[in-house]
Amino acid sequence: MDSIVSTEYPEFLVREKKVQVHSLPELRNVKGKVVMRMAPSPSGPLHIGHSRMAILNDEYVKRYGGDLILRIEDTNPSNIDPIAYEQIPEDLKWLEVNVTKTVIQSDRMGLYYNEAKTLLANGYAYICTCTSDQFKTGLMHSVACPHRNSAPETNLDQFQGILDGKFKPGEAVLIIKTDLAHPNPALRDWIAFRISEVPHPRHGRDFRFYPMMNFSVAVDDRLLGLTHVIRGKDHINNTEKQKYIFKYNKWKLPEYYHYGLVDFPNVILKTSIIKKGISNRTYSGWDDIRLGTLLAFRKRGFSPGTFRRYWVESGMREVDSEFSLEIFYSMNKELIDMNTRRLFFIPDPVRIHISDAPPTKVSVPYHPTNSSLGTRKYSLPKDPEVFVPGGDWKATEDGHILRLKDMCNLEKKGELGIFRGASLMDRKMKIIQWSPADGLDFTVYKPDGTSDTGKIEPFAKDFRGVAQLERYGYVNVTSSHVGYFTHK
RNA sequence: GCUCCGAUGGUGUAGUCCGGCCAAGCAUUUCGGCCUUUCGAGCCGACGACCCGGGUCCGAAUCCCGGUCGGAGCACCA
């Protein structure tokens, strides 16, 4: 039947448009609910790179049900910015990520010490007092250091000695034994604890022996009952290291996934650079719109849904990729456009006189198709003065006609616009935005660090939020005289 | 140097596990056309890709081998 239709009556074949539904692949071994986690280090607020891990984990917990744990990994006191404890949960909330449980690793030190003692007692770990160089050189040559074969009792004594302050930073570490002959040098015996005397923002000097990320992650992944772990490809070797802890304790492994690395061209993400810039006043703060922080995108008026769409579409493949601001902007536009009001902003304004014009009442729709957004109305006197974009005005030759949108046609004559009727004569003519003479001074700050100044129409006085400034771009209007550029 | 990943248009992806419906889909960008009192959207159309070389096979984007290129790790960071 199908073939008859297609050969004899091809015109009856309705070719259905394939709708691409981007959805993430199913996870392996899902038995009922899942337990997943996000584990940012509290070095500062979240940036767009973090949003991928947050969204992916959130998507799966939403799909299967279960818990999404926010685990703040603050076991390196040198790398903590206290504002992160507050800001990370807030950033996630803004992203509409549903965190069901929050744990802070520095509050769990006792658990890590217990696990460390168990491993020492069972001969799976040792305390090493070599210098860093000696230790590393040994690994590269697959040679055991003298401490690797210490008796468990000796190790446990030294462990206690470290807690008691008998060693200075750098004088002793706790090492997990793996396989010195492992072909991958990255996986040979690894450091699980080191001494730090830097005061911890939450605990001051209560602790001096801190677990390294690989140790606390492995212990917590088990203790918190993680079923699936999704994180960046840069953790592939770390996963292998962590598996040793699971193996020694005969713990069941979660399912691991590693997505590819994303390069963010022209986006400033590095915490160290941002902090430096804030302290030397290059940047106004974490929400400076030149930055790639979620706070900055928020200030520019982005919809959190855009992050979700972008990362779901990117999937979980291990391929590295380049972040496309172009596509990101396009997705945001698609999400917000239908409910975004139009306003007139006149960059580089020139004040012109209109002659021969009767008093006029104009009604300008806030949206070309979504009439529920309403209109704004202006009453203009006879022969009014208005602002128009300088660029457009200068580019128009004397004698030519252009149209002030939703108002009237003007024939240019020097600094004068001669009224040439109110009705649209020819929609091919150039149509520009305008503002009554009482337009407000307005500045738009842009992510490239530049800004545009001009006049915004009086109705913007009480408007807040993202508007499409016609023929200019989307802007988050935050006051009657300032806005932040979202995108074109 | 060692270990491990990966390679589809300008960009982001689908397909690769289990070879054929893929002379490769979608999105974005660019360029046309229609429509609209901005832009965008919408609709129509155009340009544009399976890293290279072998092999297996009736048949390879998909499997195998060898290259090339790119990335990650080899921290008392996460």
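Here is the naming used below: chain letters follow the sequence lines, and residue numbers restart at 1 for every chain.
Distance A:I327 CD1 to B:C26 C1': 11 Å, rounded to the nearest Å. Summarising the geometry, the separation between CE on A:M316 and P on B:G6 is reported as 15 Å, rounded to the nearest angstrom. In this structure, the CG atom of A:N339 is 14 Å from the C1' atom of B:G40, given to the nearest Å. Note: NE2 (A:H367) to P (B:U36) measures 17 Å, nearest angstrom. One can place OH of A:Y256 at 17 Å from P of B:C5, the figure rounded to the nearest angstrom. Atom NE2 in A:H182 sits roughly 16 Å away from atom P in B:C2 (whole-Å rounding). Taking atom CZ of A:R309 as the reference point, atom P of B:C26 lies 16 Å away to the nearest angstrom. B:G40 atom P lies 16 Å from atom OH of A:Y472, rounded to whole Å.
B:G54 and B:A46: their C1' atoms are spaced 37 Å apart (whole Å). The gap from the C1' atom of B:A14 to that of B:U28 amounts to 15 Å, rounded to the nearest Å. Comparing B:G1 with B:C22, their P atoms are spaced 44 Å from each other, to the whole Å. Annotation: B:C5 and B:C63 have their P atoms spaced 15 Å apart (nearest Å). Straight-line distance between the P atoms of B:C43 and B:C26: roughly 13 Å, to the nearest whole Å. Using P as the reference atom, B:G53 and B:G71 are 23 Å apart when rounded to the nearest Å. Taking atom P on both nucleotides, B:C4 is separated from B:U8 by 22 Å, rounded to a whole Å. A gap of 8 Å separates the P atoms of B:A23 and B:A61, to the nearest Å.
Pair check for B:U11 finds B:A27; Watson-Crick or G-U wobble, both atom distances under 3.5 Å. Both distances falling under 3.5 Å, in either a Watson-Crick or a G-U wobble arrangement, place B:G32 opposite B:C44. Remark: B:U3 base-pairs with B:A72; criterion is Watson-Crick or G-U wobble with both hydrogen-bond distances under 3.5 Å. Across all strands shown, nothing is found opposite B:C18 as a Watson-Crick or G-U wobble partner with both distances under 3.5 Å. Look at B:C51: its Watson-Crick or wobble partner, with both distances under 3.5 angstrom, is B:G67.
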- Query: Going 5' to 3' along nucleotides 71-78 of chain B, which nucleotides have protein heavy atoms under 4.0 Å from the base (write B), which only from the sugar-phosphate (write S), and which from neither (write -)?
  - Reply: SSBBSBSB

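At a threshold of 4.0 Å, the pair A:R28-A:E255 counts as salt-bridged, since one of the basic side-chain nitrogens sits closer than that to a carboxylate oxygen. The residues A:D320 and A:K233 are annotated as salt-bridged, a charged nitrogen and a carboxylate oxygen being separated by less than 4.0 angstrom. Residues A:E115 and A:K117 are not paired through a salt bridge, judged by the lack of any N-O separation under 4.0 Å between the basic side chain and the carboxylate.
For A:F193 and A:Y112, the distance between ring centers is not under 6.0 angstrom. In this structure, A:F485 has its ring center at least 6.0 angstrom away from the ring center of A:Y474.
No side-chain N or O of A:Y310 forms a donor-acceptor pair with one of A:N332 less than 3.5 Å apart. A:H200 and A:D206 share no side-chain donor-acceptor pair at under 3.5 Å. At a cut-off of 3.5 Å, with distance as the only test, no side-chain donor of A:H367 or A:N370 sits close to an acceptor on the other residue.
Distances were taken from every side-chain heavy atom of A:E318 (C-beta onward) to each of B:C5, B:U28, B:U37; the shortest belongs to B:C5. Nearest nucleotide to the A:E326 side chain, out of B:U29, B:G6, B:A27: B:U29. With B:G12, B:U28, B:U38 as the choices, the nucleotide that has an atom nearest any side-chain atom of A:S314 turns out to be B:G12. The nucleotide whose nearest atom lies closest to any side-chain atom of A:R317 is, among B:G6, B:A14, B:U28, B:A14.
Contact annotation for A:K333: backbone-only contact, meaning every heavy-atom pair under 4.0 Å involves sugar-phosphate atoms and none involves a base. Using a 4.0 Å heavy-atom distance criterion, A:P183 is classed as a sugar-phosphate-only contact. Residue contacts shown for A:E322 are limited to sugar-phosphate atoms, with no base heavy atom under 4.0 Å away.
For B:C2, neither phosphate oxygen OP1 nor OP2 lies less than 4.0 angstrom from any side-chain nitrogen or oxygen of A:R188. The phosphate of B:U13 (OP1 or OP2) has a side-chain N or O of A:S321 nearer than 4.0 angstrom.
Between A:S324 and A:A422, the residue whose closest nucleotide on RNA chain B is further toward the 5' end is A:S324.
For the pair A:L294/A:S51, a side-chain contact is recorded, criterion being any heavy-atom separation below 4.5 Å from C-beta on.
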- Decide side-chain contact (heavy atoms from CB on, under 4.5 Å) for A:K430 and A:D392; before the verdict, give the C-alpha distance in whole Å, the side-chain angles of both, and the deciding distance to 0.1 Å. CA-CA 9 Å; A:K430 187 166 192 174; A:D392 290 315; 3.1 Å; yes

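Residue side chain A:R342 does not reach the base of B:U37 through any donor-acceptor N/O pair under 3.5 Å, judged by distance alone.
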